S.K.: 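Once you've had a glance at the structure underneath, I'll fire off some questions.
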Amino acid sequence: MTRFKPHQYFLYPLLLITLVVLAFSFMKDGEGGYALYAAFPFALCAGVYVMSPQIDWQFYLKNPPELSQGIRRFIEERFLFYQNLTTENKQKFRSRLSLYTVGNEFMRPAPPSEDVRVRSDVPEDLKAAAAACAVQLTFGLPDFMMNPFEHIIIYPTPFPSPQYPQYFHTSETYVQDGVILFSADALMEGFINPGYYYSIGLHEYSKAFIFKNPQIVLPQLGRHIWQNLEMISSMSQYKIASRINLPDVGVVPVAIHHFFTFPQRFKELLPDVYQLFENIFNQNPLQPNA
């Protein structure tokens, strides 16, 4: 059964009132002389339709939709960050995950046999895996929606793109159009086992976070820092670059990824950078968030 969206609870009664007034008008005099009275509810219908995204979003902010049982079980069993949260913060995480998936557009490439370029029927577990990375990164902050990066395209495998046509890569952030692109297999591997597979989800959302927050003072990390990052994660620069397969993965997004994924080792080896990231993201990833 299809569930109505919040704005539809206003739209459909107003449409019904409009139709009833029009029907009454023609039944009364046969010429529709009272049809003018339908103008007001019809105008309200138009207003509700135009404002439907804002109406829906304001409702969802106060009443976040519950995750399906399957997706809740998925993050409970697969996502280490969620498992380490307090009961209260698990509810906060689920609410933010739900709002992120509702408030952003998830797409996948359409098959060549279809006339459209993208489709919106992205599997729910892939949506959750991408959204969980965004929610994890911003969990200690009030703004978790990552605007203007509202379009997430998930390819089944590594892909070329207009920006990098010669590289079959696993992830990309295209800032001009507010688009984040992922390869489904690499996204899921990093979500399920981030200690072994580099999380392209955290990586790309780190890049998006840096772009949308130019006022934040980030650490100045030279190329020498790669040795420390490899000691923290056992992931070499080459391994991470090969994982994404783009010319320059950027050292700061990698450092942010390691801050969240290997917090204890990060604090031991790079205490100053750790403290700066802790201040930026307003949280201590070693402990359940307050």
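Because the structure is a prediction, the values reported are computed rather than measured.
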S.K.: Indicate the atoms forming the closest heavy-atom contact of F106 with T101, along with that distance.
M.R.: CE1-CA, 3.7 Å
S.K.: To the nearest 0.5 Å, what is the distance between OG on S95 and CD on E66?
M.R.: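 Reported value, rounded in 0.5 Å steps: 7.0 Å.
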S.K.: Counting only heavy atoms not in E88, do more than 12 sit closer than 6.0 Å to its CD atom?
M.R.: no
S.K.: Could you measure the distance from the CG atom of L67 to the CD atom of Q69? Nearest 0.5 Å is fine.
M.R.: 9.0 Å
S.K.: If we only count heavy atoms from C-beta on, is the Y164 to P247 side-chain gap below 4.5 Å?
M.R.: yes
S.K.: Check the pair F277, F260 against ring-ring contact (aromatic ring centres under 6.0 Å, His included), reporting the backbone distance first and the verdict last.
M.R.: CA-CA 10 Å; F277 282 154; F260 282 99; 8.3 Å; no
S.K.: Identify the two heavy atoms, one from F159 and one from S183, that lie closest to each other, and give their separation to 0.1 Å.
M.R.: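 Reported closest heavy-atom pair: CE2-N, 3.8 Å.
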S.K.: Is the Lys NZ or Arg CZ of K239 less than 6.0 Å from the centre of Y196's six-membered ring, within 45° of the axis?
M.R.: yes
S.K.: Is the backbone of P263 close enough, under 3.5 Å, to the side chain of H258 for a donor and an acceptor to pair up by distance?
M.R.: no
S.K.: Between E114 and R119, is there a salt bridge with N-O shorter than 4.0 Å?
M.R.: yes
S.K.: Can you see which heavy atom on F182 is nearest to which on G201, and at what distance?
M.R.: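 Of all heavy-atom pairs spanning F182 and G201, the closest is CE2-CA, 3.7 Å.
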S.K.: Taking salt bridge (charged side-chain N to carboxylate O under 4.0 Å, His left out) as the test, write out the residues that go with K90, two or more places apart.
M.R.: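 By the salt bridge (charged side-chain N to carboxylate O under 4.0 Å, His left out) rule, K90 matches no residue at all.
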S.K.: CG/L137 to OG/S199 distance, rounded to the nearest 0.5 angstrom?
M.R.: 10.0 Å
S.K.: Got a second to check how far L97's CG is from K92's NZ, nearest 0.5 Å?
M.R.: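 NZ of K92 is found 13.5 Å from CG of L97.
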S.K.: When you compare the side chains of H203 and Y198, does any donor N or O come within less than 3.5 Å of an acceptor on the partner?
M.R.: yes
S.K.: Report whether L181 and V175 are members of the same hydrophobic cluster (ILVMFWY, side-chain heavy atoms less than 4.5 Å apart, transitive linking).
M.R.: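 In one cluster: no.
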S.K.: May I ask you to test the F209-I280 pair for a side-chain heavy-atom distance under 4.5 Å?
M.R.: yes
S.K.: In the single-linkage hydrophobic clustering (I, L, V, M, F, W, Y; side-chain heavy atoms under 4.5 Å), do I244 and Y155 co-cluster?
M.R.: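 Per the 4.5 Å side-chain linkage, I244 and Y155 are not co-clustered.
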S.K.: Between the side chains of E204 and T173, does any donor sit under 3.5 Å from an acceptor?
M.R.: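 Yes, a side-chain donor-acceptor pair sits under 3.5 Å.
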S.K.: Please identify each residue that fulfils side-chain contact (heavy atoms from CB on, under 4.5 Å) with D248, with sequence neighbours left out.
M.R.: none
S.K.: Would you give the length of the straight line joining atom CG of N228 to atom CD1 of I225, rounded to the nearest 0.5 angstrom?
M.R.: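 Separation between the atoms: 4.5 Å.
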S.K.: Assert yes or no for the condition that the ring centre distance of F259 to Y274 is strictly below 6.0 Å.
M.R.: yes
S.K.: Any side-chain to backbone donor/acceptor pair from R265 onto M231? Under 3.5 Å, distance only.
M.R.: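 Here the side-chain-to-backbone pair exists.
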S.K.: Is it the case that more than 12 heavy atoms not belonging to Q275 sit under 6.0 Å from its CD atom?
M.R.: yes
S.K.: Answer yes or no: is there a donor N or O on one side and an acceptor on the other, between the side chain of N282 and the main chain of G140, under 3.5 Å?
M.R.: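 Yes, because the side chain of N282 sits within donor-acceptor range (under 3.5 Å) of the backbone of G140.
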S.K.: For G195 and M235, work out which heavy atoms get closest and say how close.
M.R.: O-CE, 3.6 Å
S.K.: When you group the ILVMFWY residues by side-chain heavy-atom contacts below 4.5 Å and let the links chain together, are L85 and Y100 in the same group?
M.R.: yes
S.K.: With a 3.5 Å distance limit and no angle check, can you tell me whether R96 reaches the backbone of T138 through a side-chain donor-acceptor pair?
M.R.: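 Yes.
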S.K.: In terms of ring plane angle, is the pair F93 and F139 parallel, tilted or perpendicular, where the classes change at 30° and 60°?
M.R.: tilted
S.K.: Test S161 against E172 for side chain to side chain donor-acceptor pair (under 3.5 Å), laying out the working first.
M.R.: CA-CA 9 Å; S161 69; E172 179 186 339; 2.6 Å; yes
S.K.: Given the rule in the side chain to side chain donor-acceptor pair (under 3.5 Å) test, do Y197 and R243 qualify, once you have shown the distances and angles that lead to the verdict?
M.R.: CA-CA 9 Å; Y197 294 103; R243 176 72 168 169; over 6 Å; no
S.K.: Minimum heavy-atom separation for A241 to V249, with atom names?
M.R.: CA-CG1, 3.8 Å
S.K.: Just how far is it from atom NZ of K207 to atom CD1 of I256, taken to the nearest 0.5 Å?
M.R.: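 The NZ atom of K207 sits 11.5 Å away from the CD1 atom of I256.
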S.K.: Taking the ring centre of each residue, are Y205 and F149 less than 6.0 Å apart?
M.R.: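 Not under 6.0 Å, so no.
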S.K.: Are L276 and L221 co-members of a hydrophobic cluster defined by side-chain heavy atoms under 4.5 Å apart?
M.R.: yes
S.K.: Can you find a heavy atom in the side chain of I180 that is under 4.5 Å from one in the side chain of I153?
M.R.: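 Sidechains of I153 and I180: no contact.
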S.K.: May I have the list of side-chain donor-acceptor pairs in residues 71-80 shorter than 3.5 Å, sequence neighbours left out?
M.R.:
from	atom 1	to	atom 2	distance (Å)
R72	NE	E76	OE2	3.0

S.K.: Determine whether M145 and N104 make a side-chain contact, defined as any pair of heavy atoms from C-beta on separated by less than 4.5 Å.
M.R.: yes
